[in-house]
Amino acid sequence: MPLPAARRKERSAIGAEHSVTSVAPAALLEIDGLRLSFGGVTALDGVSFAVRPGLITGLIGPNGAGKTTLFNAVSGMIRPHAGRVRFDGHDITGLPPERITKAGLIRSFQIARGLPTLTVIENLMLYGAEQPGEALWQALTRTPAMRRREALLREQAWQMLQRLELQPVADNLASDLSGGQKKLIELGRVLMRRPRMILLDEPAAGVNPSLARLLGGHIRSCRDDGISFLVVEHNMALIGDICDEVVVMAEGRCLMQGSFAEVRNDHRVQTAYMGRAA
Ligand SMILES: Nc1ncnc2c1ncn2[C@@H]1O[C@H](COP(=O)(O)OP(=O)(O)OP(=O)(O)O)[C@@H](O)[C@H]1O
Ligand SMILES: [Mg+2]
């Protein structure tokens with residue numbers, strides 16, 4: 001019987017602690033033949049590709065290519081009709097979102113979520129509270145131990161705000177933030193869960209170019225701390241700037257995978273984009 005892979009704990013500079021296999025797998029996320037239809041619309045038509053650990057991988061493709069649907073299927077929001085998803089060598093196909101999050105794979109949303117009636121720091125604390133094995137009610141109960149836990153969460157949230165240079169708005173209502181600041185908070189909320197890999201859906205949509213560059217810098221610095229990313233984005237300047245590798249989807253399939261330069265110069269990719277525009 002094969003022995004389980006030896007595991008060790010790693011802690012990144014932002015405090016993300018996670019188990020990693022001592023022999024790094026070639027792929028952290030493997031998507032194999034995923035299929036999914038909405039009635040007569042085939043959104044995923046046998047999409048397969050692999051994402052290597054420690055990289056920022058871009059996922060691009062024309063509108064309707066199936067990118068968000070793929071994120072929904074990978075993160076457990078919709079069950080695919082066929083195919084498998086493996087994360088760190090484990091089959092996570094069809095698991096509920098919370099199980100997938102606890103495994104270290106977490107997604108953000110195209111429209112930044114968050115609770116508008118809470119302050120920015122409370123929003124981050126709420127996410128940090130949802131650590132594996134810890135119920136939210138425990139974080140809110142007023143025993144001395146829980147008060148210490150709340151203080152620790154506040155400290156972690158404060159460190160996150162410092163990292164994202166958002167301390168000045170710590171006590172503002174989340175609903176009062178600009179669109180760009182909400183995007184940064186969304187990244188912060190996801191980071192509070194200490195993920196190994198983040199799926200980002202259009203982090204720079206509706207964001208001005210200088211904030212998009214700032215966001216890109218934060219994503220790169222998280223990558224340097226060991227967090228892997230799969231990033232859906234239509235902003236090609238950002239994709240070219242931050243991505244180590246790019247996957248192109250069109251009509252529910254993977255069209256190609258390569259460097260940004262390879263992808264940009266590929267006639268199949270150009271045709272897919274132009275075909276949609278036409
Ligand atoms: N809930 C749904 N019900 C019916 N059809 C859907 C649903 N969600 C997505 N689709 C269809 O599935 C296909 C893929 O959509 P999806 O949103 O995944 O594309 P996308 O690549 O994310 O596009 P965009 O770049 O515009 O965000 C499209 O034809 C879309 O109309
Ligand atoms: Mg989408």
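One-based numbering, in listed order, for ligands and for the atoms of each.
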Select the closest option to atom 13 (C) of ligand 1 among G64, G61, P62, judged by heavy-atom distance.
G64
By number and element, which atoms of ligand 1 are closer than 4.0 Å to a non-hydrogen atom of N63?
23 (O), 24 (P), 25 (O), 26 (O)
Is there a polar contact between ligand 1 and G66, counting only N or O atoms under 3.5 Å apart?
yes
L59 vs T57 side-chain heavy atoms within contact, under 4.5 Å
no
By number and element, which atoms of ligand 1 are closer than 4.0 Å to a non-hydrogen atom of T69?
9 (C), 14 (C), 15 (O), 16 (P), 18 (O)
Backbone of E202 reached by a side-chain donor or acceptor of K183 within 3.5 Å
yes
If only side-chain N and O atoms count, and only distance matters, is there a donor-acceptor pair under 3.5 Å linking D201 with T68?
yes
Using a cut-off of strictly less than 2.8 Å, determine whether T68 has an N/O/S atom near the Mg ion (ligand 2).
yes
I want to know if ligand 1 touches A65 in the polar sense, i.e. an N/O pair below 3.5 angstrom.
yes
Residue-level breakdown please: for M249 versus ligand 1, do any non-hydrogen atoms fall below 4.0 Å on the side chain, on the backbone, on both, or on neither?
neither
Using a strict 4.0 Å cut-off to heavy atoms of H234, name the atoms of ligand 1 that fall inside it.
24 (P), 25 (O)
So if I apply the side-chain contact (heavy atoms from CB on, under 4.5 Å) rule between L200 and each of I56, I106, I219, V190, which one comes out positive?
I219
Given E98 and R193, is the salt bridge (Lys or Arg N to Asp or Glu O under 4.0 Å) satisfied, shown in steps?
CA-CA 11 Å; E98 195 49 35; R193 297 296 300 265; 2.9 Å; yes
One thing to verify: whether D244 and R52 come together as a salt bridge, which I'm taking to mean a side-chain N less than 4.0 angstrom from a carboxylate O.
no
